Novice: 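Sharing a structure here in structure tokens format.
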Number of protein chains: 2
Amino acid sequence: MADVAKLAGVSRTTVSFILNNVPDTNIPDATRQRVLQTARELNYMPNAQALNLATGKTMMIALVVRQTSEQMSGDAFAGEFIRGVTGVIEAENYHLVIHAAEPDARESTYGKLVRTHKVDGLLISSPLVNDQEVKLLYREETPIVLHGAPDTQDIPSVDVDNRQGAYMAVRYLIDLGHRRIGHISNAPFSYASSSDRLDGYCQALEEAGIPYDESLVLAGEFTASSGYEPMRALLDLPNPPTAVFVGSDMVALGAMEAIRSRGARIPEDISLVGFDDILYARYTMPPLTTVRIPAYELGRSAGDLMLKIIRGESLPGTRILLPTELVVRRSTIKCPA
Amino acid sequence: MADVAKLAGVSRTTVSFILNNVPDTNIPDATRQRVLQTARELNYMPNAQALNLATGKTMMIALVVRQTSEQMSGDAFAGEFIRGVTGVIEAENYHLVIHAAEPDARESTYGKLVRTHKVDGLLISSPLVNDQEVKLLYREETPIVLHGAPDTQDIPSVDVDNRQGAYMAVRYLIDLGHRRIGHISNAPFSYASSSDRLDGYCQALEEAGIPYDESLVLAGEFTASSGYEPMRALLDLPNPPTAVFVGSDMVALGAMEAIRSRGARIPEDISLVGFDDILYARYTMPPLTTVRIPAYELGRSAGDLMLKIIRGESLPGTRILLPTELVVRRSTIKCPA
DNA sequence: GCGGGTTACTAACGCGAGTTACTAATACCA
DNA sequence: TGGTATTAGTAACTCGCGTTAGTAACCCGC
């Protein structure tokens with residue numbers, strides 16, 4: 001910048017004024033053009049580090065994800081979510097820093113990110129249920145957006161409407177005539193997504209006057225293999241379900257294998273609905289009916305909300321819930337009985 | 001830092017010396033302990049922005065990915081790769097910035113990242129074949145590591161050994177007695193990965209004395225659906241192959257569908273080998289024989305190489321090729337004829 | 001031809017560190 | 001006792017920018 005100033009025959013201050021379009025500064029057009037021209041000639045690029053120090057902003061936002069992210073690696077969700085976030089924030093000249101949170105570190109490692117002024121805000125995916133650090137940072141006015149967190153806090157958050165999605169799926173099975181409907185969750189019920197999906201399942205049953213039978217509800221744990229045993233257990237019941245709502249397509253893969261291993265047919269003997277609409281869902285045999293999650297849009301919402309918070313435009317306690325969509329394929333059929 | 005200095009009754013310089021363990025500075029242990037103690041009491045955290053400006057380093061590394069990344073979204077590769085990179089670089093206090101490259105912008109957007117001192121180095125995934133900007137940045141001594149690039153340049157790069165992986169896969173089919181082996185690529189042959197895998201295919205054929213038949217070689221394009229038509233075309237040949245090596249598991253899914261649509265059986269009528277070992281590969285029917293890519297290790301290698309380059313420890317022209325692994329499942333069988 | 005207002009700038013400080021060059025006080029030795 | 005090393009520090013500069021306060025030069029009207 002000093003070079004530009006010298007070459008254009010003005011002070012550094014003037015160059016700064018011109019390049020930043022500072023208002024109320026009487027600079028004649030001749031000078032302005034001359035400075036802009038020499039800046040172009042010298043291919044001047046502002047030093048972001050100095051700019052950060054002067055303005056106090058880093059123009060960086062961190063996406064904090066769990067290290068052992070079975071949730072993430074299961075499908076294209078992470079990639080799409082990230083695409084959504086970067087799409088929004090890079091348009092405003094922010095950048096995304098990916099930060100792998102230690103799975104069970106005593107002291108959270110992401111607090112340092114904002115306390116050392118490495119990033120301006122935190123996008124935290126699937127925070128631990130009772131993470132005190134998050135609440136502390138929030139009270140310190142750190143811009144924070146949560147994803148996949150329970151709704152108990154007033155910290156801004158985005159998520160997919162898990163309850164509504166599950167409700168839709170189970171409601172669909174009920175409409176097909178099924179009355180005995182099992183459920184295998186995507187994850188242990190301590191996770192917000194699992195318990196919300198269970199809620200939707202229960203709500204649909206209740207609305208249809210079907211009593212809740214806890215022997216029909218079992219927990220999966222992210223992976224396909226975690227769906228195998230629960231499904232076998234359901235099939236071994238004296239009065240097995242005619243349909244099962246699985247809280248995750250990956251887990252449903254294991255369930256399908258279990259069904260095949262028993263010689264039962266999908267959907268003739270048992271209807272199956274998954275959740276997520278992973279890429280493979282349309283290539284299973286038969287193609288899997290499932291609930292689509294708008295991962296890209298979720299990323300956009302998260303990024304957008306973060307920018308609003310940083311600009312101070314956001315109301316406290318904002319929670320954005322994106323609707324899901326039922327994708328009917330061929331793993332579901334009218335209840336035969 | 002000034003606060004610490006004042007409270008400990010020393011100058012800021014002394015604090016800086018102590019906290020940074022600067023050698024050859026005669027500071028008695030009493031003073032040292034006192035300063036460290038007050039730093040702890042004040043919960044002092046260095047301001048990364050100021051530190052960056054002073055040292056000239058940003059401690060940030062950018063991962064540049066294509067915006068329209070069918071390659072990335074196809075499976076868990078991206079997530080695993082990123083985990084690998086962050087695992088390595090965060091241990092050295094570096095952070096990873098994800099940057100979505102405009103698909104076909106006139107001027108590359110990632111050059112700015114390093115020219116404005118936002119990041120210290122560039123990890124570029126699947127760069128365009130003739131990206132002049134990359135070469136320019138490299139000549140400017142920017143730390144760069146390429147992934148998924150052709151080997152024609154002396155820019156440091158990491159990749160999986162595509163040629164060897166393809167060779168292994170085709171060699172396996174040949175060992176099973178197949179002589180008429182088709183190939184559907186993972187992407188257009190302008191991509192380095194596709195042409196390398198084709199090379200491996202050719203090498204295996206040549207070694208076995210099987211003449212190359214160009215009617216048996218067709219191009220896929222990342223997605224499952226792109227595998228459908230090529231497979232139909234192979235099946236419609238007057239003398240169809242008894243085995244097909246598909247350069248991507250996703251593409252293989254489409255191929256399997258095509259095979260089923262013709263009423264042919266896998267592997268009895270046609271053996272199939274994929275590439276990538278996506279999560280879903282073991283749940284196809286039948287489970288897919290494929291070539292596993294070590295995505296996590298690839299990420300670690302990339303991060304490690306980047307750190308070495310930044311430290312000036314790397315020899316120019318370093319190219320790291322990680323071996324693949326053949327995963328035999330049930331989509332391949334001895335040639336019946 | 002003198003005061004007041006505008007125009008067109010610039011000097012200087014601050015952001016929070018790293019770093020160099022220098023000094024005052026003490027210790028040691030002859 | 002005088003001279004020299006060593007010890008224990010510090011003042012001041014730098015990094016590249018934003019920003020505030022201030023100032024010369026000119027114009028206008030009376």
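Throughout, protein chains are lettered first and strands after them, A, B, ... in sequence-line order, and every chain is numbered starting at 1. From a predicted model like this one, the values you see are computed outputs, not experimental measurements.
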Novice: Under 4.0 Å between a side-chain nitrogen and a carboxylate oxygen: does that hold for A:Glu90 and A:Arg83?
Specialist: no
Novice: Between C1' on D:dG16 and CG on A:Leu42, what's the gap in Å once rounded to a whole number?
Specialist: 15 Å
Novice: When you get a sec, tell me which of C:dG18, C:dG16, D:dC17 is the closest nucleotide to the side chain of B:Ala50?
Specialist: C:dG16
Novice: Looking at the side chain of A:Phe17, which of D:dG18, D:dT20, C:dG18 is the nearest nucleotide?
Specialist: D:dT20
Novice: Let me know the distance between CG of B:Asn52 and P of C:dT19, rounded to the nearest Å.
Specialist: 13 Å
Novice: Could you tell me whether a side-chain N or O of B:Thr116 sits under 3.5 Å from a main-chain N or O of B:Lys112, the two making a donor and an acceptor?
Specialist: yes
Novice: From the set D:dG18, C:dG16, C:dT20, return the single nucleotide nearest to any side-chain atom of A:Arg12.
Specialist: D:dG18
Novice: Using a cut-off of strictly less than 4.0 Å, decide whether A:Asn20 has a side-chain nitrogen or oxygen near OP1 or OP2 of D:dG18.
Specialist: yes
Novice: Within the pair A:Ser11 and C:dA11, is there a side-chain N or O less than 4.0 Å away from OP1 or OP2?
Specialist: no
Novice: Provide, to the nearest angstrom, the distance between the CE atom belonging to A:Met45 and the P atom belonging to D:dC15.
Specialist: 21 Å
Novice: Using a strict 4.0 Å threshold on nitrogen-to-oxygen distance, state whether B:Glu140 and B:Lys135 make a salt bridge.
Specialist: no
Novice: Distance alone, cut at 3.5 Å: any donor-acceptor contact between the side chains of A:Thr14 and A:Ser11?
Specialist: yes
Novice: For B:Asn26 and D:dT6, what is the distance between atoms CG and P respectively, to the nearest whole Å?
Specialist: 10 Å
Novice: With a 4.0 Å limit, can you tell me whether A:Thr31 has a side-chain N or O closer than that to the phosphate oxygens OP1/OP2 of C:dC9?
Specialist: yes
Novice: What integer distance in Å separates A:Asp24:CG from D:dA21:P?
Specialist: 14 Å
Novice: Step through it carefully: locate the ring centre of A:Tyr94, locate the ring centre of B:His99, and say whether they are under 6.0 Å apart.
Specialist: no
Novice: Select one nucleotide: of D:dC17, D:dT10, C:dA17, the one nearest the side-chain heavy atoms of B:Leu51.
Specialist: C:dA17
Novice: Roughly, in whole Å, what's the span from CD1 in B:Ile18 to C1' in D:dT10?
Specialist: 13 Å
Novice: Under 4.0 Å between any heavy atoms, over every strand shown, what does B:Val10 touch: base, sugar-phosphate, or nothing? Just pick one.
Specialist: sugar-phosphate
Novice: For B:Ile27 and D:dA8, give me the distance from atom CD1 to atom C1', rounded to whole Å.
Specialist: 8 Å
Novice: Respond yes when some side-chain nitrogen or oxygen of A:Tyr44 is under 4.0 Å from OP1 or OP2 of D:dG16, and no when none is.
Specialist: no
Novice: Does any donor-acceptor pair link the side chain of A:Thr25 with the base of C:dA8 at a separation under 3.5 Å?
Specialist: no
Novice: Do the ring centers of B:Phe77 and B:Tyr296 come within less than 6.0 Å of each other?
Specialist: no
Novice: Please state whether the base of D:dA8 and the side chain of B:Thr14 form at least one donor-acceptor pair under 3.5 Å?
Specialist: no
Novice: In whole Å, what is the span from the CG atom of A:Asn21 to the C1' atom of D:dT19?
Specialist: 16 Å
Novice: Quick one: which of C:dC9, D:dG9, C:dG16 gets closest to the side chain of B:Pro28?
Specialist: D:dG9
Novice: From C-beta outward on B:Thr13, which listed nucleotide comes closest to its side chain: C:dG18, D:dG18, C:dT20?
Specialist: C:dT20
Novice: Toward the 5' end of DNA chain D, which comes first, A:Val22 or B:Ala54, by nearest nucleotide?
Specialist: B:Ala54
